[in-house]
Every structure is written in structure tokens, then in C-alpha cells.
Student: 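Before I ask anything, here is the structure I am working with.
Worth knowing before you read on, the calculation uses all heavy atoms, side chains too, and leaves out hydrogens, waters and symmetry mates.
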Amino acid sequence: MEFTKMHGLGNDFIVVFGEKSLPDNAAELAVKLCNRFFGIGADGLVYILPSERGDYMMRIINSDGSEAEQCGNAIRCVAKYVYDHGYVKSEQIVIETIGAGEQKVKLQVKNGKVETVTVDMGEPVLAGPKIPVNIDAEPVLGQPIETDGQEFTFTAVSMGNPHCVIYVEDAVNFDLTTWGPKLEVHPLFPRKVNVEFATVKNRGWIDMRVWERGAGPTLACGTGACATLVSSVLNGVSDRAAWVSLKGGDLYIEWNEEDNHVYMTGPAEAVYTGTVEV
């Protein structure tokens, strides 16, 4: 199998192009190939597939074999891949996803290569049953959640996949690996959840660290950055456009008041290409 290793702010993927549909053994392959000791190593296995509703479809399998509905960093990588390889000519394209439908993507190109990508991530979902979270409220704002004797307060947002945003005193040094996995599988979240720990530095800058459902701690999460900005606006602690600073770098997120869509801008990079026995 031919592949390209790519990443968005260190959130890394094994990108495969040329399949007509998702292979039956995609989950097994993801577990095998994403292993950082016995495989290529990645947070997820991404297939770029034909689409009837967009330029291409993205399917992403997490490192544990589960499928993610959407991934903001991966979609930027997909957009860069198809443009840089000449499969699309326009700097405005549409990528189809499983959980968030068709995503409009704008490419910033320099010397024939994509440097940064702006993705229309669509409208945030704020109704509890649709996120989903087992709380019948809209929005799910400032709700208590307890695990192992520790209580947190969270806001829930879906950006095509579910997120639980928790504000802490110091997100950069927060004990992510202790609390992330416990909250991911909390009974409040019937499809598990991505967990973001955030610290608002000022109205235009938010530090965030993420525990991703199905992948664990990652250097960045695009949908998580979007959910964090939406949560911060709902909680009245940030402007509608702000930088979200992740371990792997920074994303610029805007929740547009006119169309209610969230826009994410950030880089994507190709690291190397290769072949692997499957």
C-alpha cells in the first residue's frame, strides 16, 4: 500500500489515495499501521475516496480502529494532498465527511503548494441529545461532571463529533493522561467524547490541550479547537474570533455571527511518502 505521512500541527496521519471505497479491514489496518513501535505511527489512518457530493470524501479511522465522524486537522491534510498532487485545480474545494457533511475548504497557495487551509466547519451543534450527551438542554453549558471523586464543570459542543470543554487554571501543565481517558468514557456521553482542557489567557487567545476519543493525547485537534472557541463564546470569556494554542501549534478560529458557521485556519504538511506491506 502506498501512503503519505502528513500532519496538522503534529496531529499526524497515514494518508492513502486511490481506493474506490473504504476497505473492509480498515479498522484492523489502522490499529496495525498507527502503532508507533511496530507500524508507521500516527493518530489516524485517512482514506481519500471518490465523492458524489464533493471533490473528494475523507474517511478517518482512529488508531484504536474506531471511525471518527470528522477531523479538522485531517481535512486540511486531505485538501493539501489533492491540490499539491494536481487532483484539483481550484483553490476552493469541497471535502465530504461522514459526520459533518460537505465541508467547504479555501486554500492559501504559494509557489504552487498549499501553505494554509481555511475550512468551513459548519454550524456547531449545541442541543444535548444531538451532540450527544445525556443532558436534555440547549446549550449544555456549565454542567457538573464527576469521575473518581473529582468534579469538573463542562460545556458540550458537537462539530460533527462530540466535545467536552473544561476550563482549568493551567491547561498547558494539566494532568491530561489521568483525567482524559476517564472522561472520554463517562456515562454522560453515549458515543464517548473528545475532552478539551482550556485556559483563557485573554479574549483573543486560549490555551488548550486535548484527549481525543479513540486516539488519546494528541498534539492538536481541529474540531476540538473549534468546540473550545464556541464554548468560550457561550461562556462569555472570549471574542467570536481567537487563536487557540495547542501543543503542536496555533489555529485561528472564528464563529461567524452572520451565518453561524465556524471557520478554522491552519497549516498542513507532508512529511514523507512510502509503501508498506498490508
Student: Kindly indicate, with the supporting measurements, whether the criterion side chain to side chain contact (heavy atoms under 4.5 Å, CB included) is fulfilled by Thr177 and Asp175.
Tutor: CA-CA 6 Å; Thr177 56; Asp175 189 0; 3.7 Å; yes
Student: Does atom CG of Asp136 have more than 12 heavy-atom neighbours, drawn from other residues, nucleotides or ligands, at distances under 6.0 Å?
Tutor: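 No, because the 6.0 Å sphere around CG of Asp136 holds 12 heavy atoms or fewer from other groups.
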Student: Give the cluster check for Leu29 versus Ile14: same hydrophobic cluster or not, with ILVMFWY residues linked at side-chain heavy-atom distances below 4.5 Å.
Tutor: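 Result: yes, single cluster for both.
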Student: Begin from the C-alpha positions of Asp55 and Tyr83 and carry the test side chain to side chain contact (heavy atoms under 4.5 Å, CB included) through to its verdict.
Tutor: CA-CA 11 Å; Asp55 291 283; Tyr83 186 91; over 6 Å; no
Student: Okay, side chain of Asn62, backbone of Asp64: is any donor-acceptor separation there less than 3.5 Å?
Tutor: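 Not a single qualifying donor-acceptor pair exists.
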Student: When the ring planes of Tyr81 and His85 are compared, do they come out parallel, tilted or perpendicular, using 30° and 60° as the limits?
Tutor: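 If you compare the ring of Tyr81 with that of His85, the planes turn out parallel.
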Student: Is it true that atom CD of Glu169 has more than 12 heavy atoms of other residues, nucleotides or ligands lying nearer than 6.0 Å?
Tutor: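 No, because the 6.0 Å sphere around CD of Glu169 holds 12 heavy atoms or fewer from other groups.
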Student: For Phe197 and Trp179, I'd like to know if the aromatic rings sit close, meaning centre-to-centre distance below 6.0 Å.
Tutor: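 No, the ring of Phe197 stays outside the 6.0 Å limit from the ring of Trp179, centre to centre.
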Student: Taking Met264 as the starting point, is it possible to reach Met208 by hopping between hydrophobic residues whose side chains are less than 4.5 Å apart?
Tutor: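 Same cluster: Met208 reaches Met264 through Ile, Leu, Val, Met, Phe, Trp or Tyr contacts under 4.5 Å.
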Student: When you measure from the side chain of Ser245 to the backbone of Asp250, do you find a donor-acceptor pair of N or O atoms at a distance under 3.5 Å?
Tutor: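 Judged by distance alone, no pair lies under 3.5 Å.
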Student: Is there a side-chain contact between Trp205 and Val244 in this structure, where contact means two heavy atoms from C-beta onward sitting under 4.5 Å apart?
Tutor: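 Sidechains of Val244 and Trp205: no contact.
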Student: Is there a donor-acceptor pair closer than 3.5 Å between any side-chain N or O of Asn35 and the backbone N or O of Phe38?
Tutor: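 Yes, because the side chain of Asn35 sits within donor-acceptor range (under 3.5 Å) of the backbone of Phe38.
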Student: Please work out whether the ring planes of Phe154 and Phe189 are parallel, tilted or perpendicular, with thresholds of 30° and 60°.
Tutor: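 Answer is perpendicular, since the angle exceeds 60°.
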Student: Grab the two heavy atoms, one from Gly44 and one from Cys34, that are nearest each other, plus how far apart they are.
Tutor: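 Closest approach of Gly44 to Cys34: C-SG, 3.6 Å.
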Student: Give the C-alpha distance, both sets of side-chain angles, the deciding distance and a yes or no for side chain to side chain contact (heavy atoms under 4.5 Å, CB included) between Val168 and Thr199.
Tutor: CA-CA 6 Å; Val168 296; Thr199 301; 4.0 Å; yes
Student: Search all heavy atoms of Asp207 against all heavy atoms of Ala171 and return the closest pair with its distance.
Tutor: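 For Asp207 versus Ala171, the nearest heavy atoms are O-CB, 3.8 Å.
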Student: Would you find more than 12 non-hydrogen atoms of other residues, nucleotides or ligands less than 6.0 Å from Asn25 atom CG?
Tutor: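 Result for CG/Asn25: enclosed.
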Student: So, do His163 and Glu196 sit near enough that their side-chain heavy atoms are less than 4.5 Å apart?
Tutor: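 Yes, at least one pair of side-chain atoms sits under 4.5 Å.
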Student: Would you find more than 12 non-hydrogen atoms of other residues, nucleotides or ligands less than 6.0 Å from Lys5 atom NZ?
Tutor: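 Count over threshold, so yes.
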Student: Do Thr155 and Asn235 meet the criterion of a side-chain donor-acceptor pair at a distance under 3.5 Å?
Tutor: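 Thr155 vs Asn235: donor-acceptor pair found between side chains.
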Student: Could you tell me the separation between the CD atom of Glu269 and the CG atom of Leu9, rounded to the nearest 0.5 Å?
Tutor: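 It comes to 8.5 Å.
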Student: May I ask you to say whether Arg213 pairs ionically with Glu69, meaning some side-chain N is under 4.0 Å from a carboxylate O?
Tutor: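 A salt bridge is present here (some side-chain N lies under 4.0 Å from a carboxylate O).
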Student: Does the Trp243 side chain pair with the main chain of Ile253, one donor and one acceptor, at a distance under 3.5 Å?
Tutor: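 The answer is no, because no donor-acceptor pair under 3.5 Å joins these two groups.
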Student: State, yes or no, whether a side-chain contact exists between Phe3 and Val276 at a heavy-atom distance under 4.5 Å.
Tutor: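 Sidechains of Val276 and Phe3: in contact.
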Student: If you round to the nearest 0.5 Å, how far is CG of Leu251 from OG1 of Thr228?
Tutor: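 It is 10.5 Å, given to the nearest 0.5 Å.
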Student: Just how far is it from atom CD1 of Ile145 to atom CG of Leu188, taken to the nearest 0.5 Å?
Tutor: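 Reported value, rounded in 0.5 Å steps: 5.0 Å.
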Student: Please determine whether the number of non-hydrogen atoms from other residues, nucleotides or ligands lying under 6.0 Å from atom CD of Glu257 exceeds 12.
Tutor: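 For Glu257, atom CD is not crowded (no more than 12 foreign heavy atoms under 6.0 Å).
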Student: Between Asn194 (side chain only) and Pro162 (backbone N and O only), is there a donor and an acceptor less than 3.5 Å apart?
Tutor: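 Confirmed, Asn194 side chain pairs with Pro162 backbone.
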Student: Is there a path of hydrophobic side-chain contacts, each under 4.5 Å between heavy atoms of I, L, V, M, F, W or Y residues, that connects Val193 with Ile98?
Tutor: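 Looking at the clustering, Ile98 is in a separate group from Val193.
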Student: Could you check whether atom CD of Glu91 has more than 12 heavy atoms from other residues, nucleotides or ligands sitting under 6.0 Å from it?
Tutor: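 Yes, enclosed.
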Student: Between the main-chain N or O of Gly99 and the side-chain N or O of Asn161, is there a donor-acceptor pair closer than 3.5 Å?
Tutor: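 No, because the side chain of Asn161 does not come within donor-acceptor range (under 3.5 Å) of the backbone of Gly99.
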Student: As an exercise, state the distance from NZ of Lys247 to CG of Leu176, rounded to the nearest 0.5 Å.
Tutor: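 Reported value, rounded in 0.5 Å steps: 8.5 Å.
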Student: Any side-chain to backbone donor/acceptor pair from Asp148 onto Gln150? Under 3.5 Å, distance only.
Tutor: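 Checking the backbone N and O of Gln150 against the side chain of Asp148, no donor-acceptor pair under 3.5 Å is found.
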Student: Is the shortest side-chain heavy-atom distance between Cys71 and Thr223 below 4.5 Å?
Tutor: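 The answer is no, as the side chains (C-beta and beyond) never meet within the 4.5 Å cut-off.
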Student: For a quick check under 3.5 Å, do Asp43 and Thr218 share a side-chain donor-acceptor pair by atom type?
Tutor: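 No, no side-chain donor-acceptor pair sits under 3.5 Å.
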Student: Could you pull out the closest heavy-atom pair between Met159 and Gly122, with the gap in Å?
Tutor: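 In terms of heavy atoms, the two residues are closest at CE-O, 4.1 Å.
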Student: For Asn73 and Ala220, indicate whether the former's side chain and the latter's backbone hold a donor-acceptor pair under 3.5 Å.
Tutor: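 Yes; judged by distance alone, with no hydrogens or angles, the pair exists.
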Student: Could you measure the distance from the CD atom of Gln70 to the CE atom of Met58? Nearest 0.5 Å is fine.
Tutor: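 Taking CD in Gln70 and CE in Met58, the distance rounds to 4.5 Å.
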Student: Are Leu107 and Met6 linked, directly or through intermediate hydrophobic residues, by side-chain heavy-atom contacts shorter than 4.5 Å (ILVMFWY only)?
Tutor: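 As far as the 4.5 Å side-chain criterion goes, Leu107 and Met6 are connected within one cluster.
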Student: Between Asn11 and Val210, is any pair of side-chain heavy atoms under 4.5 Å apart?
Tutor: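 No. Closest side-chain heavy atoms not under 4.5 Å.
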Student: In the structure I gave you, are the side-chain heavy atoms of Phe13 and Thr4 within less than 4.5 Å of one another anywhere?
Tutor: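 No, their side chains stay 4.5 Å or more apart.
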Student: Are a donor atom and an acceptor atom from the side chains of Ser232 and Tyr167 found within less than 3.5 Å of each other?
Tutor: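 Checked: Ser232/Tyr167 side chains pair up, N/O donor to acceptor below 3.5 Å.
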Student: Distance check, rounded to the nearest 0.5 Å: Thr265 atom OG1 versus Gln108 atom CD?
Tutor: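 Nearest 0.5 Å value for the OG1-CD distance: 6.0 Å.
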Student: So do Met1 and Leu33 actually touch side chain to side chain, heavy atoms under 4.5 Å?
Tutor: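 Yes - at least one pair of side-chain heavy atoms lies under 4.5 Å apart.
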Student: Test Phe174 against Arg209 for side chain to side chain contact (heavy atoms under 4.5 Å, CB included), laying out the working first.
Tutor: CA-CA 8 Å; Phe174 188 78; Arg209 295 295 182 265; 6.0 Å; no
Student: Met121 and Gly72: which non-hydrogen atoms are nearest, and at how many Å?
Tutor: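 For Met121 versus Gly72, the nearest heavy atoms are CE-CA, 4.0 Å.
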Student: Are Val15 and Tyr47 connected into the same hydrophobic cluster when the rule is that any two of I, L, V, M, F, W, Y join if their side-chain heavy atoms are below 4.5 Å apart?
Tutor: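 No; Val15 is not reachable from Tyr47 via cluster members.
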Student: Evaluate the side-chain proximity of Ser238 to Ile206: yes if any heavy-atom separation is below 4.5 Å, no if none is.
Tutor: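 Side-chain contact under 4.5 Å: yes.
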Student: Does Gln103 reach the main-chain N or O of Asp120 with its side chain, forming a donor-acceptor pair under 3.5 Å?
Tutor: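 Side chain of Gln103 to backbone of Asp120, a donor-acceptor pair under 3.5 Å: yes, one is there.
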Student: Ignoring hydrogens and angles, tell me if any N or O in the side chain of Glu184 forms a donor-acceptor pair with the backbone of Gly214 under 3.5 Å.
Tutor: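 Flag set: sc Glu184 to bb Gly214 pair under 3.5 Å.
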Student: Do you know the tightest heavy-atom contact between Ala242 and Leu229?
Tutor: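 Reported closest heavy-atom pair: CB-CD2, 3.8 Å.
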Student: What is the minimum heavy-atom distance between Val117 and Val119, and which atoms define it?
Tutor: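 Heavy-atom minimum between the residues: CG1-CG2, 3.9 Å.
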